[in-house]
Protein chains: 2
Amino acid sequence: MANSDESATIYQVAQRAGVSIATVSRALRGTGPVAAKTRERVLRAVEELRFTPSRLGVSLASGRHAANGIVFPDLSGPYFAEVLLGYEEVASELGRSVIILSTRGRAAVPDLVRDLSRRVDGMVIFGQTVRDDVVAEIVDSGLPLVMIARDDVAGADVVASENTVSAARLASHLLGHGYRRIALAGGHDNGDITQRWTSVGQVLSEHGLTPPEPSPCEFTVEGGHALGRYLLSGPRPEAIVCADDQVALGVILAAEELGLSVPGDVAVTGWDDIMAARHARPALTTVRQPMRDLGARAARALDELITGARDTPRSQVTPTELVIRASCGTHPLEEA
Amino acid sequence: MANSDESATIYQVAQRAGVSIATVSRALRGTGPVAAKTRERVLRAVEELRFTPSRLGVSLASGRHAANGIVFPDLSGPYFAEVLLGYEEVASELGRSVIILSTRGRAAVPDLVRDLSRRVDGMVIFGQTVRDDVVAEIVDSGLPLVMIARDDVAGADVVASENTVSAARLASHLLGHGYRRIALAGGHDNGDITQRWTSVGQVLSEHGLTPPEPSPCEFTVEGGHALGRYLLSGPRPEAIVCADDQVALGVILAAEELGLSVPGDVAVTGWDDIMAARHARPALTTVRQPMRDLGARAARALDELITGARDTPRSQVTPTELVIRASCGTHPLEEA
DNA sequence: TTGTACGCGTTATCAC
DNA sequence: GTGATAACGCGTACAA
């Protein structure tokens, strides 16, 4: 109805209420004494004009954007979506908007990240989505920064899930099943995945086995499906340890298509414990990673950095949990 | 290294280059004549000071945020994530940042949406995530608005997928299989889903059948799983038409747990054609919805509204496609 | 208790 | 070709 198109400014409110803008500001923000009568007049004017302070004005004056950024590769699959959700939830509770940037391997990422950094009070970056020199640039600029799922970065907070211990447990468990020919599905990423492969490799070495070279694939169901068909067509491994649950689901699919039974002919394990892992058939042995919590922690850590509640970077590793289900074998024999 | 913490302003650049801020602005934006020598000095100063124009300053002066908002319920499941991805991709190509707001049924949504509306040049809202009066408020404020998956809204663009025709095709196909006792999994939502149920009901009516009442459930695998167990425990339907693929996957899971064969004992269909639909066993009969494209269209429509390339709202419906796979029955008999 | 005036960092319109 | 200077919308010392 009253489509004013250009929304009211604090000056119009002041004029209508017959006061100065300073009084309007005080009345609205409770940042100083205002006579009851005056406040009432102001509030009425605000109401009538449907006044809301301009974000730009507020930000310019306060020096704060009240917005955070988050950089991730994509949203295919539950992992990034869940983390993002946990992040948004907390950020929004803390009164901060969330600006997203999906890299998808684009060439312009550095510029996009710089751009983003100019419109937020701090940002979160998933490991391996942004070049190290650009990350360093952000740190150097003094912008509060939290990295997710990455090894330590000088000057930035890190929030990560525990990988080494769980990967070792997983490897030990598979050895306990008697498997010796173990394949790794999903290539190195210099982050989470690499930590897992290193840990698995170490355990195998300790048992006199040659650590297998991970086979690269896209971290999607389709990627796992394609790689699974390949791995299961040659000399068949006894177990396939997958980089994440999606890859594992794809591998299981490939096995079924090839007429192989899981875990009868080949054991398969995942990582993350996405919802489908429990519902898959066979149910997926995996490592539970608190995805939402990861995002929530990142948001809180970033808030501390922004508000200055803390000024020294901190690195926190959240525990993960080996979840034994059916896909890794029918005789679970857990060892010390 | 040169951690200046507070980044340089245009005044500092001007001073260092020995010119006025107007010249710096012109040199940087090419919005007026600048002597070659002068430009060079300016650019060197910019380089040395690592100057980037403040977003707030630019926005305040230009009157544009160069940012769009998007409001969705959550990111569980591929549907919203895919649409969001398509949206972000185009928005970012158009030089606009994306600010997200996940409602998750929070009570504070109206305020959060108002807040969001103050920091963007336009926004996209998924149908049924924001109260109608709040939507009207946004429209009334003159902010460019695009609604996704919703029936028409006065004053706003709408981008939706075709539901009625495909739902009718799906229903006819199931009737062609000979099914008469058909259940609907997933309650009304006053949007997409309701359109589908209405259309299915109509086809059944035309064939002398009583349109079934849809059974509500969460639109997740778990929701479908729970509802599936319920529906398949009582008098068993011959076919279960699900609100989306996730629900369908859950229902299939429930059937397997109950020792029922799909489609032998009960046919199941989904909607969306998410990646898992093709990989499911049995492969899911569903309706393919161009999710990324939906987001991309929304971003482009919003851009038209913002730039003023178009000033009258438009409603576009993108076609969908019935995808017959194994889950609906073994003897596909497509009819006219 | 209230009002004036300045600062925040740009862009753009004028004169020169 | 260049430089003052007025917006843009707000918060807030400081003065009254």
Side-chain angles (χ1 to χ4, degrees), chain A residues 4-43 45-46 49-67 95 115 117-121 141, chain B residues 4-43 45-46 49-67 95 114-115 117-121 141 143:
Chain A
S4 41
D5 222 83
E6 291 315 312
S7 49
T9 73
I10 197 173
Y11 286 94
Q12 299 170 15
V13 174
Q15 186 175 16
R16 182 161 194 128
V19 298
S20 74
I21 63 163
T23 301
V24 174
S25 182
R26 279 188 293 254
L28 252 37
R29 316 190 69 236
T31 174
V34 178
K37 301 258 179 200
T38 312
R39 155 174 291 113
E40 207 173 310
R41 280 216 313 283
V42 169
L43 293 183
V46 164
L49 267 47
R50 297 181 175 288
F51 170 74
T52 319
S54 150
R55 243 292 127 208
L56 291 174
V58 174
S59 290
L60 201 54
S62 70
R64 295 209 161 289
H65 296 270
D115 232 62
S117 76
R118 303 295 306 189
R119 44 167 83 235
V120 296
D121 298 324
S141 78
Chain B
S4 41
D5 223 80
E6 292 314 310
S7 48
T9 74
I10 198 172
Y11 285 95
Q12 299 170 14
V13 175
Q15 185 175 18
R16 183 162 194 128
V19 297
S20 74
I21 62 166
T23 300
V24 174
S25 183
R26 276 190 295 255
L28 251 38
R29 316 190 67 236
T31 174
V34 177
K37 300 256 180 202
T38 312
R39 154 173 293 111
E40 206 173 310
R41 279 215 314 282
V42 169
L43 293 183
V46 164
L49 267 48
R50 294 183 177 288
F51 169 74
T52 319
S54 150
R55 242 294 126 209
L56 291 174
V58 174
S59 290
L60 195 57
S62 70
R64 297 209 159 290
H65 295 271
R114 283 187 201 100
D115 232 62
S117 75
R118 305 293 310 189
R119 46 167 80 233
V120 297
D121 299 323
S141 78
L143 189 78

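Below, chains carry the letters A, B, ... as their sequence lines are ordered, and counting in each starts from 1. Scope of the values below: all heavy atoms of this structure, side chains included, with no hydrogens, waters or symmetry mates.
Side-chain N or O atoms of Arg119(A) include one that pairs as donor or acceptor with a backbone N or O of Ala66(B) at under 3.5 Å.
Rounding to the nearest 0.5 Å places CZ of Phe51(A) at 11.0 Å from OH of Tyr11(A).
When rounded to the nearest whole Å, the span between CZ of Arg64(A) and P of dG7(C) equals 22 Å. Rounding to whole angstrom units, OH of residue Tyr11(A) and C1' of dT12(D) are separated by 12 Å. The NE2 atom of His65(B) sits 16 Å away from the C1' atom of dG9(C) (whole-angstrom rounding).
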List the atom pairs, with distances to 0.1 Å, where a side-chain N or O of residues 12-31 of chain B and a protein N or O form a donor-acceptor pair under 3.5 Å, not counting sequence neighbours.
| from | atom 1 | to | atom 2 | distance (Å) |
| --- | --- | --- | --- | --- |
| Arg16(B) | NE | Glu48(B) | OE1 | 2.6 |
| Arg16(B) | NH2 | Glu48(B) | OE1 | 3.1 |
| Ser20(B) | OG | Ala22(B) | N | 3.4 |
| Ser20(B) | OG | Thr23(B) | N | 3.4 |
| Ser20(B) | OG | Thr23(B) | OG1 | 3.4 |
| Thr23(B) | OG1 | Arg26(B) | NH2 | 3.4 |

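For Val34(B) and Ser25(A), each mapped to the nucleotide of DNA chain D holding its nearest heavy atom, the one lying further toward the 5' end belongs to Val34(B). When each of Pro53(B) and Ala36(A) is assigned the nucleotide of DNA chain C with its nearest heavy atom, Ala36(A) is the one assigned upstream, toward the 5' end.
For residues 13-22 of chain B, proximity to DNA chain C is found at Ile21(B), Ala22(B), defined as any non-hydrogen atom under 4.0 angstrom from a strand atom.
Between dG3(C) and Thr23(A), a contact under 4.0 Å exists linking OP1 or OP2 to a side-chain N or O. Contact check, Arg29(A) against dG11(D): a side-chain N or O comes under 4.0 Å of OP1 or OP2. Close to dT1(C), at under 4.0 Å from its OP1 or OP2, lies no side-chain N or O of Arg39(A).
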Would you check, one step at a time, whether the test side-chain contact (heavy atoms from CB on, under 4.5 Å) holds for Val34(B) with Val42(B)? CA-CA 10 Å; Val34(B) 177; Val42(B) 169; 5.8 Å; no
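You'll find a donor-acceptor pair under 3.5 Å spanning the side chain of Arg26(B) and the base of dG3(D), going by distance alone.
A side-chain hydrogen bond (donor to acceptor under 3.5 Å, both in side chains) check over residues 52-64 of chain B, counting only residues at least two apart or in different chains, returns the pairs Arg55(B)-Ser59(B).
In terms of heavy-atom proximity, Arg118(B) sits nearest to His65(B) at O-CE1, 3.4 Å.
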